[in-house]
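Working notes for the structure below.
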Amino acid sequence: PWDSNDFCQGYKEQSSQMFRRLFGLRMLEARKKCGLTQQQLSERSGVRRHTISDIQKGRWSASIDLIYRILKAMDCDLQIVNYDSSMIRH
């Protein structure tokens with residue numbers, strides 16, 4: 001039988017994964033625009049390079065505090081509200 005709770009949970013997980021991928025792409029673009037390597041961003045932000053890599057690949061659900069540290073280290077804003085979902089490979 002069809003369970004609406006299972007459907008809703010699956011939809012939330014898919015949306016969350018898509019958002020992580022989008023955020024990662026935007027962060028990658030911003031880092032490159034700033035002319036920083038992952039290692040340089042790591043040193044500036046105090047966030048491990050491996051964690052930065054995982055965030056950029058959409059594998060890590062970063063906390064707001066971690067995101068703030070990374071954005072502050074890049075000295076830039078990151079717009080993710082208006083996006084084209086076709087950028088994300090499913």
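For the numbers below, each heavy atom of this structure counts, side chains included, while hydrogens, waters and symmetry mates do not. As the structure is a prediction and not an experimental result, all values here were calculated from the model. Start at 1 with the first residue, then count along the sequence.
The structure places CZ of R44 at 7.5 Å from SG of C34, a figure rounded to the nearest 0.5 Å. In this structure, CE in M18 is found 15.5 Å from CZ in F23, a value given to the nearest 0.5 Å.
Using a distance-only test at 3.5 Å, with no hydrogens or angles considered, a donor-acceptor pair links the side chain of S45 to the main chain of L41. With hydrogens and angles disregarded, a donor-acceptor distance shorter than 3.5 Å links the side chain of R31 to the backbone of L36. No donor-acceptor pair closer than 3.5 Å links the side chain of Q56 to the backbone N or O of S53.
Under a cut-off of 6.0 angstrom, the local environment of CZ in R69 is crowded, with over 12 non-hydrogen atoms contributed by other residues, nucleotides or ligands.
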Take L71 and M27, measure what side-chain contact (heavy atoms from CB on, under 4.5 Å) needs, and give me the verdict at the end.
CA-CA 8 Å; L71 294 179; M27 192 176 112; 5.7 Å; no

Applying side-chain contact (heavy atoms from CB on, under 4.5 Å) to I55 and L28, what does each step give before you reach the verdict?
CA-CA 9 Å; I55 292 169; L28 173 64; over 6 Å; no

Worked verdict on R20 versus K57 for side-chain contact (heavy atoms from CB on, under 4.5 Å):
CA-CA 8 Å; R20 284 194 312 270; K57 293 176 183 175; over 6 Å; no

Set out, in order, the CA-CA distance, both residues' side-chain angles and the distance that settles side-chain contact (heavy atoms from CB on, under 4.5 Å) for T51 and L66, then state yes or no.
CA-CA 10 Å; T51 301; L66 193 68; 4.0 Å; yes

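Side-chain atoms of S42 and I52, non-hydrogen and from C-beta on, do get closer than 4.5 Å to each other. E43 has its side chain within reach of Q39: a pair of non-hydrogen atoms, C-beta onward, lies under 4.5 Å apart.
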